[in-house]
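Report on one structure; see the data block that follows.
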Amino acid sequence: MRERFPAFPAEKIHSRWTFADVWKEWFGPGGARPRYGRTAQAAAEAGVSGRMVVHRPGQVLVLDSTPMPVKLRATVFGDVVTATLTLALDLYTHGLPAFRLTLQSDTSVDIAMLLRDVMLPLPMREGWGEDMEWPYAGVPADVIAEFTGHRVAALPFFAPETVTTDHGGPYKNHDLVEAEREIGCRILPARVLRQTDKFAVERQFLTIQTMLFEHLLGFTGGDVADRRADPERDASLTLAQAEHVIATWIVQIWQNRKLGEYAPSWAPGEGHSPNTLFAAAMEQGGFDLDFPEPSFYYKVLRKHHVKIHPRRGAKILGLWYHHPVLDEPRFQQPSARGGKYAGQWVVRSDRRDRRQVFFQDPADHDTWHILRWRGLPPEGEIPAFSDKTADALLGHVKANKIRIHSESELLEHLLEILGSVTPVDQWPSQAEKKAGKKRRTAQAREIARAQTAAADRPTAPAPAAEPAPARMPAAWAEHARMIDRAVDTDRRRRREEALAGTRPLAPPTLHEALNRRRMFLPPPRDDADAETTVREDDA
């Protein structure tokens with residue numbers, strides 16, 4: 001109180017009940033969300049709300065998500081789906097250093113990867129000309145290309161200092177908060193009923209809609225009067241194509257567009273764009289080439305503190321994962337970690353692909369081991385499955401009281417769940433058609449999330465002992481064929497295990513077949529004589 005109000009009488013401190021009454025008068029009930037603007041107006045009159053002044057790029061990065069007002073298709077001939085657009089806006093330059101396009105809703109992992117994209121330079125894409133390449137903004141393009149290993153597009157990148165988000169579920173997730181701490185940025189959530197905290201990114205969604213989305217097929221608009229007759233039938237862009245269109249619009253148009261009311265106060269007569277503002281800031285304060293390491297991907301993933309079993313490995317969210325390195329004697333002892341998780345090892349998982357988890361070698365912190373799920377077959381591959389599918393698998397086993405003796409027995413039930421989303425061309429009723437479309441949409445989201453997870457992983461080659469993660473197919477038909485191959489492989493494996501202790505009978509040679517019975521013996525007359533003859537031959 002003394003720091004906020006210098007004239008506050010520190011000698012006479014009121015009781016906590018007086019403070020609670022004043023707090024309730026200013027900000028409303030503490031246990032409920034204010035529903036009327038009079039609470040915010042009272043706080044503004046009391047002088048407790050203000051507007052932050054930003055002086056440099058990266059000082060404040062605003063994040064927000066909204067459903068994309070354009071209907072897309074999961075694949076070229078797939079079903080119509082709805083995507084979520086997540087933007088990262090730099091409050092100083094009003095540039096868009098990164099964005100994410102996800103099917104249905106985004107997760108905390110997607111937002112954490114979005115923060116990583118803000119710190120990484122964007123590679124040049126096919127079809128982009130020299131006018132979209134990195135301009136001289138404190139550092140020549142050749143220097144950045146030498147560091148990154150590829151040509152860089154004209155899109156600023158920097159390490160965010162402060163991140164402002166709303167109160168949505170993915171933004172309040174503990175894993176995202178831990179990732180933001182790993183990056184080293186401060187978290188500044190937007191206040192309730194304070195439009196000034198996130199006004200820029202909210203306005204940016206409307207700008208993209210009026211400048212880009214309205215001109216695309218499948219536009220739904222913010223109101224029924226804005227949309228065309230049948231947006232779902234007009235939908236023609238796939239998720240990858242829409243992502244490429246948005247990236248091209250940002251790099252080529254928005255980053256070079258002259259700002260109006262957002263122009264800097266120190267240059268009222270000059271026409272500045274987000275790129276020129278970034279270049280001017282770099283001339284004033286310099287540029288720090290601080291790229292995140294490839295292992296940064298693993299550090300922002302969800303953290304699990306577990307104990308390592310001598311033979312089974314590590315158990316992560318109900319599934320067992322193993323790698324030969326865990327059989328070494330050094331991992332059979334408790335970890336040297338102290339505190340709340342004393343004696344436990346840290347394993348990180350990507351909720352978008354539960355086929356493997358990642359373990360950092362304590363002897364060499366640059367080495368990350370890929371722990372594969374013990375239920376995976378040694379050869380071949382199965383489609384990726386997310387945490388939602390894994391929870392459905394464990395719930396199915398528990399509900400049906402299925403006794404599981406090994407992780408490989410779970411594979412059969414997993415393939416049944418994955419195969420249930422395989423679409424069928426003809427359905428007998430309209431309700432089942434809708435149910436089939438819902439399953440196909442869920443399956444398309446599984447494929448898209450697995451593709452995104454594979455693209456986010458470091459591109460460094462894995463050691464020979466560790467299999468590289470397989471890329472996911474681009475269509476549900478290939479997904480169904482992969483399930484069929486996985487079912488055949490699983491059946492072949494179980495058949496080989498069942499016949500492991502038996503010796504196959506070799507076919508008899510012609511000499512042995514002729515010597516088994518006499519060639520000139522007359523055939524028996526009845527069944528009793530036949531059994532006697534067979535016994536004599538066997539003897």
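Note that the structure is predicted; figures quoted are calculated from it, not measured.
Contact check on Arg457 versus Asp353 returns a salt bridge, with a Lys/Arg side-chain nitrogen under 4.0 Å from an Asp/Glu carboxylate oxygen. Electrostatic pairing of Glu407 and Arg372 does not count as a salt bridge here, judged by no charged N lying under 4.0 Å from a carboxylate O. Look at Asp456 and Arg100 and you find a salt bridge, because one of the NZ, NE, NH1 or NH2 atoms lies within 4.0 Å of a carboxylate O, short of that distance. A salt bridge links Arg352 to Asp110: one of the charged nitrogens lies within less than 4.0 Å of a carboxylate oxygen. With respect to Arg56 and Glu161, a salt bridge is recorded, a charged nitrogen being found less than 4.0 Å from a carboxylate O. Using a 4.0 Å cut-off between charged nitrogen and carboxylate oxygen, Arg351 and Asp175 do not count as a salt-bridge pair.
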With a 3.5 Å cut-off and sequence neighbours excluded, list the donor-acceptor pairs that the side chains of residues 180-190 form with protein atoms.
from: Arg186; atom 1: NH2; to: Thr162; atom 2: OG1; distance (Å): 3.2

Using distance only, find each side-chain donor-acceptor pair of residues 337-346 under 3.5 Å and give its atom names and separation, not counting sequence neighbours.
none

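Heavy atoms of other residues, nucleotides or ligands lying less than 6.0 angstrom from CZ of Arg330 number more than 12. Annotation: Glu328, atom CD; neighbour count of heavy atoms from other residues, nucleotides and ligands within 6.0 Å is above 12.
Between Leu239 and Leu103 there is a side-chain heavy-atom pair separated by less than 4.5 Å. Residues Arg355 and Phe385 have side chains in contact (heavy-atom distance under 4.5 Å, counting atoms from C-beta outward).
Aromatic pair Phe359/Tyr298: ring centres not closer than 6.0 Å.
With hydrogens and angles disregarded, no donor-acceptor distance shorter than 3.5 Å links the side chain of Tyr171 to the backbone of Val177.
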